[in-house]
Amino acid sequence: MLDIKNLRENFNDIKKMLSRRGYNLDQDRFESLDEKRKILQISVENLQADRNKLSSEYGKLKSSGEDVDELKITIDKTNSELDEKDNELQILLKEIQNFLLDIPNIPDQSVPDGKDENDNVVIKKCGSITATNTLDHLEITKDIDTDMAAKIAGSRFSVLKGELPKLQRALISFMIDNAVKNGYEEYYVPFMANTDSLIGTGQLPKFEDDLFKTTENLYLIPTAEVPLTNIFRDEFVSEVELPIKVTSHTPCFRSEAGSYGKDTRGLIRQHQFEKIELVQITNPNDSMACLENLLSNACEILDLLELPYQVVELCSGDLGFSSTKTYDIEVWMPSQNKYREISSCSNFSDFQARRSNIKFKNKDGNHFVHTINGSGLAVGRCLIALIENNFNGSGGINIPKPLQPYLDTALLSVN
RNA sequence: GGAGAGUUGGCUGAGUGGUCGAAAGCGCCUCCCUGCUAAGGAGGUAACUGGGUAACUGGUUCGAGGGUUCGAAUCCCUCACUCUCCGCCA
């Protein structure tokens, strides 16, 4: 959510910056809403002040035994006028709130101009593509069983069998251990979240269709970003402790409502997948440096696993709703002969902090923190990348050195 | 699932119809004293928000939402959450 004061004062600048990401900020609507608000609010608050004064007068008269009938008539008149105006104001405020909740974050100045993913900029390529294999993960191993999953739950799920559940656990432990080594505190968190939490991180109200909702009015989390960030909702954090770094491994649940027919084969796009999330709560002064730090923490995993990848900076038109700057990390998928997203690292500036009310105090006053997060990494996609890049051509997956202690082997057999 | 107790500022905690945005303590900030340290003294310190160039000044908020009342932290109703006991359970 943007700062309404900032919006009043710098409307044209903000409108221009938002147009970079293809968002049209409706000036007439905002100005007419805000103008009406100002007039109504002044009259409501004046009436409230009147009522407060009259009521205390009433109390004094009453306690000294004087006649209050005449005053009562004035009070009743004031109150009924107040009721009417206040109702109007509440409706108007709700409209303004909805208007604000709908506005995406402002792209950082450093973000390159562009319309869609074709204008994203590759800023780094790491590792060398050595795989000669062109089989995809379902062809390499029958241990990823989508038929079995379909019987249990339907499409876009999978069952892992054989050595693969263990390989997945190894990846999870490896990633968490690495995050902890880099100063992140590990949390185990709820896999469901309430409405306030999801508004806080920006999934609601706009993207409800992407979420699974339970009958208890809870949502399955689409990412651990939601619980991890909401740990701090409505809290003052201590300035000296910034940046606060937290991590968690969770399953993630996404309805994938908008992607029918897309990536239907294999593990790429599932309703449920495992992910390690990295979150930093930072001082606004150094949030960009923290983003670089978090990005390097995520890249380190792929470096250690010796998987080839590239880092892409998203252009203004491809930025997510809440983000001011985003790097995607894309890992090489031999079967698709291209790089596929395995992590998205974003600086949300004060956008989420404002929605979730996360602040710190210092002698200049109270300030919203900046929030940064990214996957470190998406485990399912990492599993595929490992299988496809490290397939030895005859039922074996070569296990990179740092992962070997978790599996007690350098070569994992698959069926 | 049943019974009871609770939810107040950054934190602990008092407050049962107007003088309460709220005692006290802790924390924090400024200053003083002590040559350092420890301790002590004085003052300040809730959040959000409107109007105003400003000085300043108004409003809202005591878990959430309704209600009673001229007036609600305080009384009533509904809901959420926390704690205790019972039941059930991995």
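Just so you know, these numbers come straight off a predicted model, no measurement behind them. Below, chain A is the first sequence line, B the second, and so on; all start at residue 1.
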N/O (side chain, A:Lys361) to phosphate O (OP1/OP2, B:A47) under 4.0 Å: yes

Presence of salt bridge, A:Asp34 and A:Arg37, under 4.0 angstrom: yes

Protein-nucleotide distance (A:Lys60, atom NZ; B:U19, atom C1'), rounded to Å: 9 Å

Within 6.0 angstrom of A:Glu239 CD, more than 12 heavy atoms from elsewhere: yes

Distance, rounded to the nearest Å, where A:Met192 contributes CE and B:A80 contributes P: 17 Å

Identified pairing partner of B:U53, criterion: Watson-Crick or G-U wobble below 3.5 Å: none

B:C83 to B:G10 separation - C1' atoms, rounded to the nearest Å: 23 Å

B/S/- contact track for nucleotides 65-71 of chain B, protein heavy atom under 4.0 Å: -----BS

Rounded interatomic separation in angstrom, taking CD from A:Gln48 and C1' from B:U60: 7 Å

Distance below 4.0 Å between A:Asn194 side-chain N/O and B:C81 OP1 or OP2: no

Watson-Crick or G-U wobble mate for B:C31, both contacts under 3.5 Å: B:G41

Results of ring-ring contact (aromatic ring centres under 6.0 Å, His included) for A:Tyr23 - residues two or more places apart only: none

Charged N-O contact under 4.0 Å between A:Asp350 and A:Arg354: yes

Inter-nucleotide P distance (B:G67, B:G18), Å rounded: 22 Å

Partner nucleotide of B:U68 by Watson-Crick or wobble geometry (both distances under 3.5 Å): none

Watson-Crick or G-U wobble mate for B:C83, both contacts under 3.5 Å: B:G4

Counter-base of B:A23, judged by Watson-Crick or G-U geometry with both distances under 3.5 Å: none

B:U45 versus B:C11 - spacing of their C1' atoms, nearest Å: 14 Å

Enumerate the protein-to-nucleotides 49-52 of chain B contacts in which both atoms are nitrogen or oxygen and the separation is below 3.5 Å.
unit_1, atom_1, unit_2, atom_2, d
B:G50, OP1, A:Arg8, NH1, 2.9
B:G50, O4', A:Gln41, NE2, 3.1
B:G50, O3', A:Arg37, NH2, 3.1

Comparing A:Glu235 and A:Phe368 on RNA chain B - which has the more 5′ nearest nucleotide: A:Glu235

Contacts of type ring-ring contact (aromatic ring centres under 6.0 Å, His included), residue A:Phe236, not counting sequence neighbours: none

Sugar-phosphate, base or nothing in reach of A:Lys359, heavy atoms under 4.0 Å: sugar-phosphate

Side-chain N,O (A:Asn46) to OP1/OP2 (B:G58) below 4.0 Å: no

Watson-Crick/G-U partner (both atom distances under 3.5 Å) of B:C88: none

Euclidean distance, A:Leu314 CG relative to A:Ser323 OG, rounded to 0.5 Å: 7.0 Å

Atom C1', compared across B:C36 and B:U53: separation rounded to whole Å: 49 Å

Pairs under 3.5 angstrom only: tabulate donor-acceptor contacts from the side chains of residues 85-94 of chain A to other protein residues two or more places apart or in another chain.
unit_1, atom_1, unit_2, atom_2, d
A:Asp86, OD1, A:Gln90, NE2, 3.2
A:Asn87, ND2, A:Asp83, O, 3.4

Nearest-angstrom distance from the residue atom CG of A:Asn357 to C1' of B:A47: 9 Å

Qualifying residues under salt bridge (charged side-chain N to carboxylate O under 4.0 Å, His left out), relative to A:Lys206, sequence neighbours excluded: A:Asp102

Nearest-Å distance once atom P is located in both B:U60 and B:G71: 13 Å

Residue pair A:Arg156, A:Glu256: steps toward the salt bridge (charged side-chain N to carboxylate O under 4.0 Å, His left out) verdict: CA-CA 9 Å; A:Arg156 289 205 191 279; A:Glu256 297 296 346; 5.8 Å; no

Integer angstrom distance from the C1' of B:C81 to that of B:A64: 10 Å

Distance test, side-chain N/O of A:Asn366 to OP1/OP2 of B:A47, below 4.0 Å: yes

C1' gap between B:U34 and B:A42, integer Å: 16 Å

Nearest-angstrom distance from the residue atom CG of A:Asn52 to P of B:G58: 11 Å

Spacing of CD belonging to A:Glu341 relative to CD belonging to A:Glu330, to within rounding of 0.5 Å: 7.0 Å

Opposite nucleotide pairing with B:C36, Watson-Crick or G-U, both atom distances under 3.5 Å: none

Atom pair distance, as rounded to whole Å: NZ in A:Lys53 and C1' in B:U57: 11 Å

Trace of the salt bridge (charged side-chain N to carboxylate O under 4.0 Å, His left out) decision for A:Asp76 with A:Lys72: CA-CA 6 Å; A:Asp76 285 347; A:Lys72 175 84 165 64; 2.9 Å; yes

B:U7 versus B:G63 - spacing of their P atoms, nearest Å: 8 Å

Distance, rounded to the nearest Å, where A:Asn217 contributes CG and B:C81 contributes C1': 16 Å

Aromatic ring pairing A:Phe30/A:Phe11, orientation class (parallel under 30°, perpendicular over 60°, tilted between): parallel

Interatomic distance, A:His367 NE2 vs B:C48 P [rounded to whole Å]: 11 Å

